[in-house]
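Heads up: numbering here begins at 1 and tracks the sequence.
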Amino acid sequence: MASARPKKQTLAIRRPVSVTVQRLGIQRADSVKYLDVAKLSRAAKAEFELGHIKIKGRKSTVRAVVRKGMVVAIRSELCAECQPEKLSRDLLALLEVVRRKIGSDGGSRRPVSVATFLQQQMPERSECHLICFWGMCFTCCGFPSDADSWSCSRLGRSYEANSL
């Protein structure tokens with residue numbers, strides 16, 4: 001099996017606006033080893049805690065979304081400093097450009113079985129990123145090659161990606 005080349009931890013995109021993207025490490029939850037894989041593989045709809053991401057001392061839980069026994073997405077729950085809000089079309093378009101750039105490595109778009117997902121030390125396609133532009137920062141988690149699995153939440157304060 002060919003080894004995957006390591007991904008860059010920080011990416012700078014120069015479009016009409018300067019965007020900084022930093023890959024965040026998901027700290028795997030201890031509870032993952034106690035999951036009933038057989039039940040999750042038969043589940044029509046379920047979620048489980050995969051771990052958490054940490055940004056400047058703040059934690060945000062990362063959950064895996066299961067549909068018909070397959071992991072179809074990962075999502076970060078809003079942290080205490082995160083704010084749900086409706087984004088403008090321009091912001092959504094910019095986040096989509098960033099997602100496409102991150103996911104341009106040709107990764108698979110198909111869901112992964114729960115058993116395969118959990119066997120990997122850190123599932124290959126599951127990623128969280130800190131994306132900063134226009135003085136705002138977002139945490140986005142999911143499979144970058146699959147728009148349906150990608151979810152973002154805005155941080156309450158702006159952080160410089162290179163200072164984390």
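- Residue pairs meeting the salt bridge (Lys or Arg N to Asp or Glu O under 4.0 Å) criterion with at least one member in residues 60-71, sequence neighbours excluded, are Glu47-Arg63, Arg63-Glu77.
- Heavy atoms only, all atoms of each residue included: His129 and Val21 are closest at CD2-CG1, 3.7 Å.
- Here Leu118 contributes atom CG and Leu50 contributes atom CG; the two are 8.0 Å apart, rounded to the nearest 0.5 Å.
- Counting all heavy atoms, side chain and backbone alike, Ile74 lies closest to Ala64 at CG2-CA, 4.1 Å.
- Closest approach of Phe117 to Val112, counting heavy atoms only: N-CG1, 3.8 Å.
- Between Cys140 and Cys128, the two SG sulfurs stay at or beyond 2.5 Å from each other.
- For Phe48, the ring pair (Phe, Tyr, Trp, His ring centres under 6.0 Å) criterion is met by no residue, not counting sequence neighbours.
- Taking the side-chain contact (heavy atoms from CB on, under 4.5 Å) definition, one finds that Ala93 meets it with nothing, sequence neighbours left out.
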Yes or no on side-chain contact (heavy atoms from CB on, under 4.5 Å) for Val71 and Val65, after CA distance, side-chain angles and deciding distance? CA-CA 6 Å; Val71 177; Val65 179; over 6 Å; no
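- In this view, Ser113 and Thr116 satisfy the side chain to side chain donor-acceptor pair (under 3.5 Å) rule, not counting sequence neighbours.
- Qualifying salt bridge (Lys or Arg N to Asp or Glu O under 4.0 Å) partners for Glu49, counting only residues two or more places apart in sequence or in other chains: none.
- Across Cys141 and Ile53, no two heavy atoms sit closer than the pair SG-CD1, 4.4 Å.
- Expressed to the nearest 0.5 Å, how far SG of Cys132 lies from CD of Gln22 amounts to 8.5 Å.
- Rounding to the nearest 0.5 Å gives a distance of 10.5 Å between CZ of Phe133 and OG1 of Thr20.
- In this structure the side chain of Ser41 reaches within 4.5 angstrom of the side chain of Val37, judged on heavy atoms.
- Between Val66 and Leu40, the shortest heavy-atom contact is CG1-O, 3.7 Å.
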